[in-house]
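Everything below concerns the one structure shown next.
We're numbering straight along the sequence, starting at 1.
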Amino acid sequence: MLYIHIPFCDSKCFYCAFNSYTTKNHLKKEYFKALNTQFQNENKPNKFKSIFIGGGTPSVMDLQFYETLFEILYPYIDKKTEISIEANPNSTDINWLKGIRNFGVNRISFGVQSFNDEKLKFLGRNHTKETALISISNAIQIFDNVNLDLIYSTKVDNKPLLKNDLDIAISLGVSHISAYSLTIEKGTEFYKTPNNKKNDENLEIWFINEIKKYFKQYEISNFGKICKHNLGYWQLNNYIGLGSGAVGFKDNKRFYTYKSVEEYIKNPTFKKIENLTNFDLLEEKILLGLRSIVGIDENILNTNQKQKAFNLVDDNKLTYKNNRFYSKDFLLADAISLYILD
């Protein structure tokens, strides 16, 4: 697995805490050189099972950037490689979409968040409902696998608004929906006004159940045609993180590059290493497994933990099949994990 981070954006949304910038576009050429240097120094597999180009806003990069990027990647790609790219509706015209598909990208993910113009303004998005409809309709003609992101639990949300967002998404013919509950994070515009989040558990549960009427939920926030790359994270597979602020993982170590774009460009091979303990890995395997269809292997649990898991099976909170425990409700995963590990 390979993750490539593009930190450039043409606007900063009010809720966004990602490593992204609107004032560093002049560094694009130097950034590509740094990506190349880091990539050449990574211990790469023969072929990547999946590649995910995220951000930031990858669609602000022109086709020439991706042409040179894929020249580097092609030796490590085969027909089975899932290649995803994130995009914003306002920066994806038909030529860009066709070009990126020709380079081998076979899955595109749109940061739509809503089809309601007032909600889009509230979130600080720089596209409109009309822009989103055009971009996604174009993408559907070019890609077999199209995802769109929706945000819920904002103070402007109610059932009719969320139902309309979902109905439009379904009518467009997308194959996947990622639905994220708004989180208020430090350093964002919304952090100054935390009341922009609506704490309504019943509305959240209702919305998730509405999405499940159309798509199977395979992870706490993801529904539809399974994204190999997404699922790989939940399975705790090894992956390379390329770019500023990107994170990599191998066996019992996590690797961090410089978050600052300038520092990364100066030293793209720098890695801060976090050594994970056996308990850290156990904790992650349990939490990630119960938040998704991955489940947890009973053999990683000690006798006490296994007994607690079987207690939860008796309480109809977990299911047990082929030596694995599976969550019946991903929203309960955090509480169940704490109970098992306590």
- [ ] Just do the side-chain contact (heavy atoms from CB on, under 4.5 Å) check on Phe8 and Tyr31 with the steps written out, would you?
- [x] CA-CA 10 Å; Phe8 308 107; Tyr31 189 74; 3.9 Å; yes
For residues 94-104, which side-chain donor-acceptor pairs fall under 3.5 Å, sequence neighbours excluded?
| from | atom 1 | to | atom 2 | distance (Å) |
| --- | --- | --- | --- | --- |
| Trp96 | NE1 | Met61 | O | 3.0 |
| Arg101 | NH1 | Val105 | O | 3.2 |
| Asn102 | ND2 | Lys98 | O | 3.3 |

Task: Side-chain heavy atoms of Cys13 within contact of Leu123, under 4.5 Å - done: no
Task: Aromatic ring proximity, centroids under 6.0 angstrom, Phe48 and His229 - done: no
Task: Any donor-acceptor pair under 3.5 Å from Arg324 side chain to Val294 backbone - done: yes
TODO: Could you name each residue pair satisfying ring pair (Phe, Tyr, Trp, His ring centres under 6.0 Å) that touches residues 293-334, not counting sequence neighbours?
DONE: Phe310-Tyr320, Phe310-Phe325, Tyr320-Phe325
Open item on the list: Check this for me, if you would: do Lys271 and Glu42 make a salt bridge, where the nitrogen-to-carboxylate-oxygen distance has to be below 4.0 angstrom?
Closed with: yes
Open item on the list: Among Tyr3, Phe70, Phe32, Tyr76, exactly one meets ring pair (Phe, Tyr, Trp, His ring centres under 6.0 Å) together with Phe39. Which residue is that?
Closed with: Tyr76
Open item on the list: Could you check whether any side-chain heavy atom of Lys197 comes within less than 4.5 Å of a side-chain heavy atom of Ser181, counting everything from C-beta outward?
Closed with: yes
Task: Carboxylate-amine/guanidinium contact Asp117 Lys121, below 4.0 Å - done: no
Task: Phe143, Tyr218, Phe215, Phe223 screened by ring pair (Phe, Tyr, Trp, His ring centres under 6.0 Å) with His176, the one that passes - done: Tyr218
Open item on the list: Using 0.5 Å steps for rounding, measure from the CG atom of Asn275 to the CZ atom of Arg254.
Closed with: 11.5 Å
Open item on the list: With rounding to the nearest 0.5 angstrom, report the CD1 to CG distance, Ile296 to Leu301.
Closed with: 5.0 Å
